[in-house]
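These figures come from a predicted structure and were not determined experimentally. Atoms within a ligand are numbered from 1 in the order they appear, just like the ligands themselves. For the single chain, residues carry numbers from 1 onward in sequence order.
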Amino acid sequence: MLRVRPFAPNDLGAVVAIVKEALRENYPTSLYLDIHKWWRDGFLVAENMGTVVGFLASVMMAPEQSRILMLAVYQAWRRRGVGSALMDAFLNECALRGVKSVELEVRRRNQEAIRFYTRYGFQIAHVLPKFYTDGEDGFKMRRFL
Ligand code: ACO
């Protein structure tokens, strides 16, 4: 039932709602359209029977290096493989594009996400002191392909 496909501008409302619920952030809609423009195949949504339940947005940092900017799944849909389906599709895209390393930042207290990323072979590269606007530290995590 779950399908992962590239983001389309029609998905904007759904993605904004997931970011609000799952990441508690409210970014201008132009940000998502810019990300879409920069790397179309690196912005993926997961839908179930036509409803978007999660997404992954990324950018290319250098010819062989990508960065996951946001990965989020609606609370009610977690622990059902949606995040994994998005990550699998994303890593496939990276391989097709010749990406050699993927990096991301995550809140130090976000144990669920850190466990998820660790399971995918990401390792903590270093601490990012007071990385978030509320003063929380972040971890830079990286995985080599
Ligand atoms: N506790 C422990 N392990 C977990 C948890 C958890 N809460 N969630 C996922 N995992 C691990 C488990 O090993 C799990 O496998 P299992 O369920 O068979 O044990 C495995 O990851 C895969 O889980 P999925 O079901 O594929 O992942 P899910 O759909 O729940 O998505 C995600 C994971 C995206 C981290 C989700 O928890 C989420 O949206 N969290 C809120 C938003 C967030 O924190 N996003 C990351 C911020 S960092 C950034 O965006 C760059």
query = Going by an N to O cut-off under 4.0 Å, is there a salt bridge joining Asp11 and Arg5?
reply =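 Salt bridge: yes.
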key: Residues Glu105 and Arg67 bridged, charged N to O under 4.0 Å   =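 Yes, Glu105 and Arg67 are salt-bridged.
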Go ahead and list the nitrogen or oxygen contacts between ligand 1 and the protein that come in under 3.5 Å, distances to 0.1 Å, or just say none.
| from | atom 1 | to | atom 2 | distance (Å) |
| --- | --- | --- | --- | --- |
| ligand 1 | 1 (N) | Arg79 | NH1 | 3.2 |
| ligand 1 | 1 (N) | Arg115 | NH1 | 3.4 |
| ligand 1 | 15 (O) | Arg119 | NH1 | 3.0 |
| ligand 1 | 17 (O) | Arg79 | NE | 2.9 |
| ligand 1 | 17 (O) | Arg79 | NH2 | 3.4 |
| ligand 1 | 19 (O) | Arg79 | NH2 | 2.8 |
| ligand 1 | 25 (O) | Arg79 | N | 3.4 |
| ligand 1 | 25 (O) | Arg80 | N | 3.1 |
| ligand 1 | 25 (O) | Gly81 | N | 2.8 |
| ligand 1 | 26 (O) | Ser84 | N | 2.9 |
| ligand 1 | 26 (O) | Ser84 | OG | 2.5 |
| ligand 1 | 29 (O) | Gly83 | N | 2.8 |
| ligand 1 | 30 (O) | Arg79 | N | 2.8 |
| ligand 1 | 39 (O) | Val73 | N | 2.8 |
| ligand 1 | 39 (O) | Val73 | O | 3.4 |
| ligand 1 | 39 (O) | Arg78 | NE | 3.4 |
| ligand 1 | 44 (O) | Asn110 | ND2 | 2.7 |
| ligand 1 | 45 (N) | Leu71 | O | 2.7 |
| ligand 1 | 50 (O) | Leu71 | N | 3.0 |

ask   = Is there any ring-ring contact (aromatic ring centres under 6.0 Å, His included) pair reaching into residues 1-26, and which pairs are they, with sequence neighbours excluded?
value =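 Pairs touching residues 1-26 that pass the test: Phe7-His36, Phe7-Phe43.
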Would you be so kind as to tabulate the donor-acceptor pairs closer than 3.5 Å made by side chains of residues 85-100, with sequence neighbours excluded?
| from | atom 1 | to | atom 2 | distance (Å) |
| --- | --- | --- | --- | --- |
| Asp88 | OD1 | Tyr120 | OH | 2.8 |

Tyr132 six-ring centre to Arg107 NZ/CZ under 6.0 Å and within 45° of normal =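 Geometry flag: set, cation within 6.0 Å and 45°.
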For residues 17-24, which side-chain N or O atoms pair as donor and acceptor with protein atoms under 3.5 Å away, sequence neighbours left out?
| from | atom 1 | to | atom 2 | distance (Å) |
| --- | --- | --- | --- | --- |
| Glu21 | OE1 | Gln75 | N | 3.1 |

